[in-house]
Amino acid sequence: YPYGRFKLISLLLAITLAGADQPSLRLHVVPTKARIRGAVAGGADIRFTETPPPWAKNLPTGTAAYAVWSFGGKKYLVAETYIDGIPKQLLFDFSATGDFSKATRYNYSVYTPSGLPNEPHRGPTTFHVVVHAPSPVAPGTTVDIWFNRIDPTEPQWVLEANRVMYVADYALDGTVKLNGKSYHAMLWDAAARGRYDRPKTPSAEFPSTTLAIDRNGDGRITQASEAFDAFKPFNIGGTTYELTGVEGDWHNIGIVVSKSSVPEIPAPGVRLHAGDQAAAFTATDLNGKVVHFPADFKGKVVVLDFWST
């Protein structure tokens with residue numbers, strides 16, 4: 001009996017120790033202002049035309065452009081109104097009936113970048129608005145999408161006159177535990193599709209769904225080493241992991257040690273801020289001399305010029 005009890009205790013201890021090292025992922029919906037928590041590359045666009053679809057009705061005065069927007073597995077008719085050639089509103093037919101008397105209106109805000117003293121501004125004037133859209137990501141409520149467009153009256157941007165771009169301002173936010181260490185993690189709908197399952201046509205520019213992990217704990221996301229394709233294995237700390245359940249409801253998303261093996265991308269260094277001690281590094285100067293910074297310059301004032309072409 002004592003031996004059997006010892007075996008049972010040993011088994012329970014082994015299960016407990018094994019479970020302690022198992023990866024885990026806990027997420028919740030952040031429906032708005034998620035980008036300030038650590039945004040990743042992403043976005044999409046819609047192209048407007050001057051001809052309304054035949055099912056559109058009760059169009060408001062000043063409507064000059066139309067488009068069909070796919071989001072959350074549904075298609076919505078969108079209209080853009082103008083006054084004196086300037087974009088003023090975006091209208092979304094979330095009823096999906098084509099009746100714009102029921103449409104939700106959003107007024108554009110205008111942003112004109114400042115320039116040099118003798119220049120009126122630098123860069124194009126842009127119009128932007130935050131849209132609250134229904135999505136299966138957050139059933140019963142809405143998620144935010146940031147829409148923006150370039151001023152169509154600026155001649156140098158004429159090819160962009162009918163294009164409106166948008167990015168997700170919502171995400172799944174939480175914690176991932178890997179090899180006993182916890183990290184801040186976010187799952188981004190980078191393609192702003194209103195859903196987290198695998199798209200039929202993946203983007204060639206960036207993953208449609210991105211898992212962002214703040215590996216160095218600086219509160220920001222470095223795209224090259226902290227943003228991972230949610231549909232591919234990734235390596236952190238010498239262990240390869242992969243997400244599960246991304247194909248269905250996001251409530252079933254989890255993380256496991258992968259049967260595959262991929263190389264690890266080195267973690268980013270800690271970002272420096274004003275007043276922090278300078279980061280040490282070793283480099284070779286133009287004369288082929290190895291320089292150790294800051295050790296070789298102790299007691300001296302040093303100006304560092306980082307540049308690229």
Side-chain angles (χ1 to χ4, degrees), residues 22-31 34-46 70-73 135-138 143-146 165-179 181-269 271:
Q22 292 301 306
S24 63
L25 180 64
R26 296 181 180 276
L27 299 170
H28 63 277
V29 177
V30 177
R35 297 187 66 79
I36 63 176
R37 299 171 180 239
V40 299
D45 61 21
I46 49 179
S70 297
F71 188 76
S135 166
V137 171
V143 294
D144 283 3
I145 306 96
W146 183 279
M165 298 161 284
Y166 59 96
V167 295
D169 201 17
Y170 60 88
L172 303 182
D173 185 82
T175 302
V176 62
K177 189 174 183 180
L178 306 174
N179 198 24
K181 184 177 180 179
S182 295
Y183 303 87
H184 176 220
M186 300 183 76
L187 193 66
W188 279 97
D189 177 14
R193 299 170 55 244
R195 53 198 301 172
Y196 281 97
D197 55 352
R198 189 189 300 268
K200 294 181 179 179
T201 306
S203 169
E205 299 180 29
F206 49 80
S208 61
T209 303
T210 301
L211 176 65
I213 301 176
D214 185 9
R215 299 170 66 185
N216 62 2
D218 68 352
R220 303 180 181 181
I221 297 299
T222 300
Q223 185 72 27
S225 55
E226 296 182 310
F228 306 95
D229 189 329
F231 300 104
K232 296 181 179 179
F234 61 93
N235 187 317
I236 290 182
T239 302
T240 300
Y241 303 93
E242 63 181 64
L243 296 185
T244 60
V246 185
E247 301 293 345
D249 189 312
W250 73 262
H251 290 87
N252 297 319
I253 293 175
I255 188 169
V256 298
V257 175
S258 177
K259 295 180 180 179
S260 303
S261 179
V262 297
E264 181 176 14
I265 299 174
R271 297 175 189 262

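We number each residue from 1, following the sequence as shown. If you're wondering where the values come from, they're calculated on a predicted model, not measured in any experiment.
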Any side-chain heavy atom of [X] within less than 4.5 Å of one from [Y]?
| X | Y | result |
| --- | --- | --- |
| Val29 | Leu172 | yes |
| Val257 | Pro23 | yes |
| Leu178 | Thr239 | no |
| Tyr241 | Asn179 | yes |
| Phe231 | Leu243 | no |
| Ile221 | Asp214 | yes |

Closest non-hydrogen atom pair between [X] and [Y], with its separation:
| X | Y | result |
| --- | --- | --- |
| Ala230 | Val246 | O-CG2, 4.2 Å |
| Ala191 | Ala44 | O-CB, 3.8 Å |
| Ile253 | Leu25 | CG2-CD2, 3.8 Å |
| Ser225 | Ala267 | OG-C, 4.4 Å |
| Gln223 | Ala41 | OE1-N, 2.9 Å |
| Gly238 | Glu264 | N-OE1, 3.3 Å |

- Query: In terms of the angle between their ring planes, are Phe71 and Tyr170 parallel, tilted or perpendicular, with boundaries placed at 30° and 60°?
  - Reply: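 Ring orientation, 0 to 90° scale: perpendicular.
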- Task: State whether the side chain of Asp169 and the backbone N or O of Arg35 hold a donor-acceptor pair below 3.5 Å, judged by distance alone.
- Result: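 At least one qualifying donor-acceptor pair exists.
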- Hey, is the main chain of Ala212 close enough, under 3.5 Å, to the side chain of Trp188 for a donor-acceptor pair?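 Not confirmed, Trp188 side chain does not pair with Ala212 backbone.
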- Residues Asn216, Glu226; criterion side-chain contact (heavy atoms from CB on, under 4.5 Å); working and verdict: CA-CA 9 Å; Asn216 62 2; Glu226 296 182 310; 3.3 Å; yes
- Arg195 with Asp197: basic N within carboxylate O range, under 4.0 Å: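 Yes, charged N to carboxylate O under 4.0 Å.
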